[in-house]
Visitor: 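Structure in structure tokens, see below.
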Amino acid sequence: MLELKTSTSYVAQIVCPLDMSKPISEDLVKLEQEGVIVYDALYKEMVLVIALLMCIICDNPRASELLNHLGSSALKYCHVCMCDKTENPDELSELRTMALALQQIVEIAALRTEQEKIEMRKLYGVRETLNPLFSIHVDLYRYEKKNALHYHFYVQFFFFRCLPIEVLHTLLLGICKYILKQVMAGLSAHQKAEILARVKSFDTSGFQTKMYGNVCQHYKSFVGRDFKGWSQMALFILGPYLNVGQTQVLLTYSKVRGDICY
């Protein structure tokens, strides 16, 4: 982060994360394999520090970018497994692995035409961008038995398991997002006009957030800030237009959200 007198500029807004990842991944590999000599203030001497990368915490869009994944709007919308929007969401799908991702990337890169690459990206849910972070080791928490009495324990970074699905967008905002889309898609012009009137007349003084924009026109492009408001007010405003299942989900969601925030 670069702080100036007039403004604050974040490097991540200027440089692509994968462009920044090359020197970072090199440092992480060195830190794991060779270690770094640093000064220990407690012992007042130079010591060798060897550290292992356990996980990366980020939101879902950034996790997809770091994994060469196309994102949550893709047909293969999950960056952890191969689940498909056309499949039954209750069934488990094949987990993504480094070996699988590299195989898919090679297949896409080997295609001759851009149209063929587009179709294959859609099929696999990945893009063939060069990713320096893939140089970091594979598997997390693996035990190897060396003999009858000793176990060798080591940790290696498994990218597809160590960028977990983050709670904010998946649970706290995601549920509200998809219910709002379901409700709006099934409303008539008259019902949408009623919702706009309900929004306009709704008193938001008791809430920590407010309603922004025309929900009937812009709900597809809402961001986290918008869904944060709707997650608190949806039951009050959309109540007459919700079916039993949607109402039950929002009631349960409000309890889960309260427990997590508490």
Side-chain angles (χ1 to χ4, degrees), residues 1-74 76-81 95-111 114 117 120-121 124-142 152-170 224:
M1 187 176 74
L2 307 175
E3 294 190 5
L4 307 176
K5 291 183 178 179
T6 56
S7 64
T8 300
S9 177
Y10 291 90
V11 176
Q13 296 176 344
I14 304 172
V15 183
C16 170
L18 288 182
D19 292 337
M20 294 190 295
S21 68
K22 188 175 188 301
I24 294 174
S25 62
E26 291 173 352
D27 288 344
L28 289 171
V29 170
K30 180 180 179 181
L31 188 61
E32 176 186 348
Q33 296 180 352
E34 303 176 18
V36 177
I37 302 295
V38 298
Y39 180 74
D40 190 310
L42 178 62
Y43 294 100
K44 301 186 185 312
E45 61 181 2
M46 303 302 289
V47 298
L48 174 65
V49 174
I50 296 178
L52 305 174
L53 181 62
M54 302 294 290
C55 68
I56 294 178
I57 304 300
C58 57
D59 60 13
N60 287 334
R62 182 66 73 215
S64 291
E65 191 168 6
L66 295 176
L67 291 171
N68 284 42
H69 182 246
L70 293 181
S72 58
S73 61
K76 295 283 195 306
Y77 57 88
C78 182
H79 67 260
V80 175
C81 73
L95 290 177
R96 296 183 183 273
T97 64
M98 187 73 72
L100 179 61
L102 291 174
Q103 176 187 331
Q104 294 170 343
I105 289 171
V106 169
E107 289 183 23
I108 296 173
L111 296 174
E114 182 61 25
K117 292 182 179 181
M120 195 61 72
R121 291 177 196 135
Y124 291 147
V126 299
R127 57 174 63 89
E128 68 279 18
T129 310
L130 180 64
N131 192 335
L133 289 172
F134 281 7
S135 63
I136 302 175
H137 291 290
V138 190
D139 264 338
L140 183 67
Y141 295 122
R142 173 179 293 178
H152 174 58
F153 171 68
Y154 62 93
V155 182
Q156 292 183 313
F157 188 62
F158 188 179
F159 230 66
F160 289 87
R161 292 182 188 171
C162 301
L163 273 81
I165 301 294
E166 47 95 14
V167 174
L168 175 63
H169 292 89
T170 305

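The structure presented is a predicted model; accordingly, all values stated were derived computationally and were not measured.
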Visitor: Is there a donor-acceptor contact under 3.5 Å linking the side chains of Tyr39 and Glu45?
Guide: no

Visitor: Nearest 0.5 Å please: distance from the CG atom of Leu31 over to the CD1 atom of Ile24.
Guide: 13.0 Å

Visitor: CG/Asp40 to CG/Leu48 distance, rounded to the nearest 0.5 angstrom?
Guide: 12.0 Å

Visitor: Within the 4.5 Å heavy-atom criterion, are Val47 and Val38 side-chain neighbours or not?
Guide: yes

Visitor: Closer than 4.0 angstrom, basic N to acidic O: yes or no for Glu65 and Arg62?
Guide: yes

Visitor: Measure the CE-CD1 distance between Met120 and Ile105 for me, rounded to the nearest 0.5 Å.
Guide: 13.5 Å

Visitor: Does the pair Lys117/Glu107 count as a salt bridge with the N-to-O cut at 4.0 Å?
Guide: no

Visitor: Measure the spacing between CG of Asp27 and OG of Ser21 and express it to the nearest 0.5 Å.
Guide: 11.5 Å

Visitor: In Å, rounded to the nearest 0.5 Å, how long is the span from OH of Tyr124 to CZ of Arg96?
Guide: 11.0 Å

Visitor: Would you compute the distance between atom SG of Cys78 and atom NE2 of His69 and round it to the nearest 0.5 angstrom?
Guide: 6.5 Å

Visitor: Would you call Lys30 and Glu26 a salt bridge, using N to O less than 4.0 angstrom?
Guide: no

Visitor: For the residue pair Leu70 and Arg121, establish whether any side-chain heavy-atom pair is separated by less than 4.5 Å.
Guide: yes

Visitor: Between Asn68 and Asn131, what is the shortest heavy-atom contact and its length?
Guide: OD1-ND2, 2.8 Å

Visitor: If only atom types and distance count, is the side chain of His79 paired as donor or acceptor with the main-chain N or O of Gly71 below 3.5 Å?
Guide: no

Visitor: Apply side-chain hydrogen bond (donor to acceptor under 3.5 Å, both in side chains) to Gln104 and list each qualifying residue two or more places apart in sequence or on a separate chain.
Guide: none

Visitor: Nearest heavy-atom pair of Glu32 and Ile50: which atoms, and what distance?
Guide: O-CG2, 3.4 Å

